[in-house]
Amino acid sequence: MGEMSGFQLGVIGALFLSVASSVSIVICNKALMSHLGFPFATTLTSWHLMVTFCTLHAAQRFNLFENKPIDMKTVMLFGILNGVSIGLLNLSLGFNSIGFYQMTKLAIIPFTVLLETIFLKKQFSQKIKLSLFLLLIGVGIASVTDLQLNFVGTILSLLAIATTCVGQILTNTIQKRLNVSSTQLLYQSAPFQAAILFVSGPLVDQFLTKQNVFAFKYTPIVSAFIILSCIISVSVNFSTFLVIGKTSPVTYQVLGHLKTCLVLGFGYTLLHDPFTERNIIGILVAIFGMGLYSYFCTQENKKKQADPLGSQMKEKDATPFLGLEKEQGHEVKNSDKDSHV
């Protein structure tokens, strides 16, 4: 019982850290890009990952966590996949309207549910699906404005959805099946993510913005916001892996849409962004959907705890995703797949 309470406290802490750090970095980056004219999002992300790796390396040197070796091929492919997904999301935003880009982000949840159902044999109840549907409707009403389609943008969006879903499912699967912590996985994979974005970021940004990141005039205020953004990113990256590892990719996406609602609210309050009745209605519907999702997940988790043998048998029957179960010899911990937001 005490162990379960500790796990739930850990989940709540991870969710709170993820929301607080993500909303903070969005506000910081919005000020950096919209008000200070620094448009190089992909390159900035590579700097975020480099600072994250350096911070974790220093923490590991001070024995704040134990480094656990993971199969190099698995980590390299995982890191490259996550780096590519970030680049594709930025390209999707560049080639599509903001409304279609928001639809791309909304599509990640149903696509993740589909992949987990097919490959991991995970079952989602009708109540969970209903709550997710309400959530997506609400966020769509609040954030999707115009929908302009083009062939290249659509292809990039589909690739971004696929790579993001697979990357997040792998984040959960690697931690569970190879018995590694979120910190250990992030420490191992961050250099590969940073490397691919550091090489491709300036090219992607120049293609999208027609500006050179190395020719940009870095004033003291711009440099200060970049440093602040990199510092906050350590918490963002850490909490992302932590939340997905402790809960599930779908719960992380639900949390992401909560952040979207909070960012809309903070944008109106702090940055005086336009705010309409449509935004308010959409946010309220989305919050109602999140509440239902949280309630239904809590009820299903109670049923799993009441019948632990049944849930363990279901997890054992799940097929290995992308052949991740190698010669590791580690026992898999049967943690709850879903947790409440």
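Heavy-atom basis, side chains included; hydrogens, waters and symmetry copies ignored.
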Verdict with reasoning, N172 to S248, per side chain to side chain donor-acceptor pair (under 3.5 Å): CA-CA 6 Å; N172 180 273; S248 72; over 6 Å; no

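- The environment of CZ in F151 is sparse: at most 12 heavy-atom neighbours from other residues, nucleotides or ligands sit within 6.0 Å.
- A distance of 7.5 Å separates OG of S189 from CD1 of I70, quoted to the nearest 0.5 Å.
- Cluster annotation: F207 and L159 are assigned to the same hydrophobic cluster (Ile/Leu/Val/Met/Phe/Trp/Tyr, side-chain heavy-atom contacts under 4.5 Å, transitive).
- Between K105 and V139 there is no side-chain heavy-atom pair separated by less than 4.5 Å.
- Taken together through direct or relayed side-chain contacts under 4.5 Å among Ile, Leu, Val, Met, Phe, Trp and Tyr, I86 and V213 form parts of separate hydrophobic clusters.
- To the nearest 0.5 Å, the span separating OG on S294 from CG on L255 amounts to 11.0 Å.
- Taking both residues in full, the closest heavy atoms of T112 and P249 are given as CG2-CB, 3.8 Å, listed atom of the first, atom of the second, then distance.
- For the pair I109/L135, a side-chain contact is recorded, criterion being any heavy-atom separation below 4.5 Å from C-beta on.
- Under the 3.5 Å distance criterion, the side-chain polar atoms of T164 are matched with a main-chain donor or acceptor of A160.
- Looking at every heavy atom in both residues, G201 comes nearest to T43 through C-OG1, 3.3 Å.
- Hydrophobic clustering (side-chain heavy atoms under 4.5 Å, transitive across Ile, Leu, Val, Met, Phe, Trp, Tyr) groups L115 together with V84.
- In this structure, the side chain of S92 does not engage the main chain of L88 through any donor-acceptor pair within 3.5 Å.
- Aromatic pair F216/F214: ring centres not closer than 6.0 Å.
- The side-chain heavy atoms of S181 and L186, taken from C-beta on, include no pair separated by under 4.5 Å.
- If you take CG on N279 and CD1 on I141, they are separated by 10.5 Å, rounding to the nearest 0.5 Å.
- One distance of note links OH of Y252 with OG1 of T171; it measures 9.0 Å at 0.5 Å rounding.
- Taking both residues in full, the closest heavy atoms of T247 and K176 are given as O-NZ, 3.9 Å, listed atom of the first, atom of the second, then distance.
- Neither side chain, T209 nor D205, offers a donor N or O lying under 3.5 Å from an acceptor on the other.
- When every heavy atom of S182 is checked against every heavy atom of L242, the shortest pair comes out as OG-CD1, 3.3 Å.
- To the nearest 0.5 Å, atom CZ of residue F40 and atom CH2 of residue W47 are 8.5 Å apart.
- You'll find the side chain of N237 stays beyond 4.5 Å of the side chain of Q193, heavy atoms only.
- K217 NZ: 12 or fewer foreign heavy atoms inside a 6.0 Å radius.
- Counting only N and O atoms by type, the side chains of K122 and T117 include no donor and acceptor under 3.5 Å apart.
- Here the OG1 atom belonging to T42 is positioned 9.5 Å from the CG atom belonging to L93, to the nearest 0.5 angstrom.
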Output, in order, the C-alpha distance, side-chain angles, deciding distance and verdict of side chain to side chain donor-acceptor pair (under 3.5 Å) for N67 and Q188. CA-CA 8 Å; N67 182 27; Q188 297 270 346; 2.8 Å; yes

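- In the model, T163 has no side-chain atom that pairs as donor or acceptor with a side-chain atom of S85 under 3.5 Å.
- Taken together through direct or relayed side-chain contacts under 4.5 Å among Ile, Leu, Val, Met, Phe, Trp and Tyr, V234 and I232 form parts of separate hydrophobic clusters.
- Between Y293 and F288, a ring centre-to-centre spacing not shorter than 6.0 Å is recorded.
- M290 has its side chain out of reach of L134: every pair of non-hydrogen atoms, C-beta onward, lies at least 4.5 Å apart.
- Minimum heavy-atom separation, L44 to S229: CD2-OG, 4.0 Å.
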For V75 and D71: C-alpha separation, side-chain torsions, deciding distance, then whether side-chain contact (heavy atoms from CB on, under 4.5 Å) applies. CA-CA 6 Å; V75 173; D71 176 60; over 6 Å; no

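- With hydrogens and angles left out, the side-chain atoms of Q175 and Q184 include no donor and acceptor closer than 3.5 Å.
- Between Y218 and F38, the closest side-chain pair of non-hydrogen atoms falls below 4.5 Å.
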Please determine whether side-chain contact (heavy atoms from CB on, under 4.5 Å) holds for the pair F95 and I155, giving the CA-CA distance in whole Å, both sets of side-chain angles, and the decisive distance to 0.1 Å. CA-CA 10 Å; F95 275 88; I155 296 298; over 6 Å; no

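- Using a 4.5 Å heavy-atom cutoff, the side chains of P202 and N212 are not in contact.
- Under the 3.5 Å distance criterion, the side-chain polar atoms of S239 are matched with a main-chain donor or acceptor of V236.
- The two residues L32 and V222 make their nearest non-hydrogen contact at CD1-O, 3.9 Å.
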So K302 and Q299, side-chain contact (heavy atoms from CB on, under 4.5 Å) or not? Walk me through it. CA-CA 5 Å; K302 287 180 179 177; Q299 295 302 310; 4.3 Å; yes

Check against side-chain contact (heavy atoms from CB on, under 4.5 Å), I128 and V250: CA-CA 11 Å; I128 293 287; V250 173; 5.9 Å; no

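- When atom types are taken as modelled, the side chain of S235 and the backbone of I231 share no donor-acceptor pair closer than 3.5 angstrom.
- Both F53 and F192 are members of a single hydrophobic cluster when ILVMFWY side chains are connected at heavy-atom separations under 4.5 Å.
- At least one cation-pi condition fails for K68 and F65: the charged atom is not both under 6.0 angstrom from the six-membered ring centre and inside a 45 degree cone around its axis.
- Counting only N and O atoms by type, the side chains of S18 and K259 include a donor and acceptor under 3.5 Å apart.
- For the pair Q253/C165, no side-chain contact is recorded, criterion being any heavy-atom separation below 4.5 Å from C-beta on.
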